[in-house]
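Whatever order the structure lists them in is the order used to number ligands and atoms, beginning at 1.
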Amino acid sequence: MCPPNYFGVLYEINPWMHREVTVERDAAQAEWEGLRSTLVQAGAEVEVLEPAAEVPDLVFTANAGVVNASQFVPSRFRHPERQAETALDSAWFRTRGYQVSELPEDVCQEGAGDALPFGGVLLAGYRFRSDAASHAYLSTLTGAAVRSVELVDERFYHLDLTFCPLDERRAMVAPLGWDRYGRRVVEALVPEPLVLEDEEALAFCANSVVVGQRVVMPSCPVRVGRQLEAWGFEVMVCPVSEFLKAGGGCRCLTLALDVVLAATVD
Ligand code: ARG
């Protein structure tokens, strides 16, 4: 995670962002601390990336890159506004001994925001922020098999707004963000989906952080909570309204480091 010292809505690169909306600095700080302590309470260990001026979206560490054990594939951001983040993210991982593997310069890929492991493959989104062409490179660099899903609704510009792995068999899914082919890909991949209704998806339910049996969510509609609890999960709601102003929820504010992708490609 990266503290929100320099967070703000200073430009508009997704439909949720409006420059005229002000971010309450203290509220953002308090929400961020709340998320961090909730994750720790849920059983996670949190490491911190130093915040930096002039990169207000650095807080959304989900977009730093793709982690695979001791390998890190840094993002190639679509928008110039975020491109300066990459050097900071790469330096953090390099300092900690990760092998940094780079994507070619001419493809965009926005890290774990658009690539989530499930069922032995890496489910990867493309169109608004990541290029479909990045998927073959991701596969070559990590050795993981990649399944591509096109994102079709600009409000869900990253895959992690539409898909949230829960355990080996289950995931929260928001079909509103995908075309018919993408829906079929996910249907074939996820044996027990929790299909989010449009309102639930628009409340960023899929942008949750799962720590073992605990699901840390930006908000939790009753129906969703009932299903998660029936499956044995404990729901922990963590308000992140200041960050929603920039189009990011709980999961966007984190990057999982304990990811090991299944190697299926030689
Ligand atoms: N303002 C950020 C952007 O538009 C939000 C990023 C949200 N991250 C995510 N993983 N969905 O890039």
Answer yes if the ring centres of F93 and Y98 are under 6.0 angstrom apart, and no otherwise. yes
Which option out of Y11, F156, F128, Y157 puts a heavy atom nearest to atom 5 (C) of ligand 1? Y157
How far is atom 8 (N) of ligand 1 from its nearest protein heavy atom, and which residue and atom is that? N63 OD1, 2.9 Å
May I ask you to list the atoms of ligand 1 that are less than 4.0 angstrom from any heavy atom of I13? 3 (C), 4 (O), 12 (O)
Among side-chain atoms of S148 and E150, is any donor-acceptor pair under 3.5 angstrom? no
Is it true that E85 and R82 make a salt bridge, defined as a side-chain N closer than 4.0 Å to a carboxylate O? yes
Can you report which non-hydrogen protein atom sits closest to atom 10 (N) of ligand 1, along with the distance? D160 OD2, 2.7 Å
Aromatic ring centroids of F156 and W16 under 6.0 Å? no
Salt-bridge present (E197, R223; N to O < 4.0 Å): yes
If you count the atoms of ligand 1 from 1 in the order shown, which ones are under 4.0 Å from a heavy atom of G113? 10 (N)
So the atoms of ligand 1 within less than 4.0 Å of a heavy atom of A62 turn out to be 10 (N)
Student check: side-chain heavy atoms of D57 and E81 closer than 4.5 Å: no
Would you find a donor on one side and an acceptor on the other, under 3.5 Å apart, between the side chain of S139 and the backbone of H135? no
Just so I know, are the side chains of V73 and T142 near enough to count as touching, which here means a heavy-atom distance under 4.5 Å? yes
Any N or O on L161 sitting closer than 3.5 Å to an N or O of ligand 1? no
Using a 3.5 Å cut-off on N or O atoms only, is E110 in polar contact with ligand 1? no
Where ligand 1 meets C252 - atom numbers and elements under 4.0 angstrom, heavy-atom basis: 7 (C), 8 (N), 9 (C), 10 (N), 11 (N)
Got a salt bridge between E102 and R76, using NZ or NE/NH1/NH2 to carboxylate O under 4.0 Å? yes
Can you find a non-hydrogen atom of R129 under 4.0 Å from ligand 1? yes
Taking distance alone, with no angle check, do N207 and ligand 1 share an N/O pair under 3.5 Å? no
Note: ligand 1 atoms sitting under 4.0 Å from heavy atoms of D57 are 1 (N), 2 (C), 3 (C)
Regarding atom 12 (O) of ligand 1: of the candidates R82, H158, E85, which has the closest heavy atom? R82
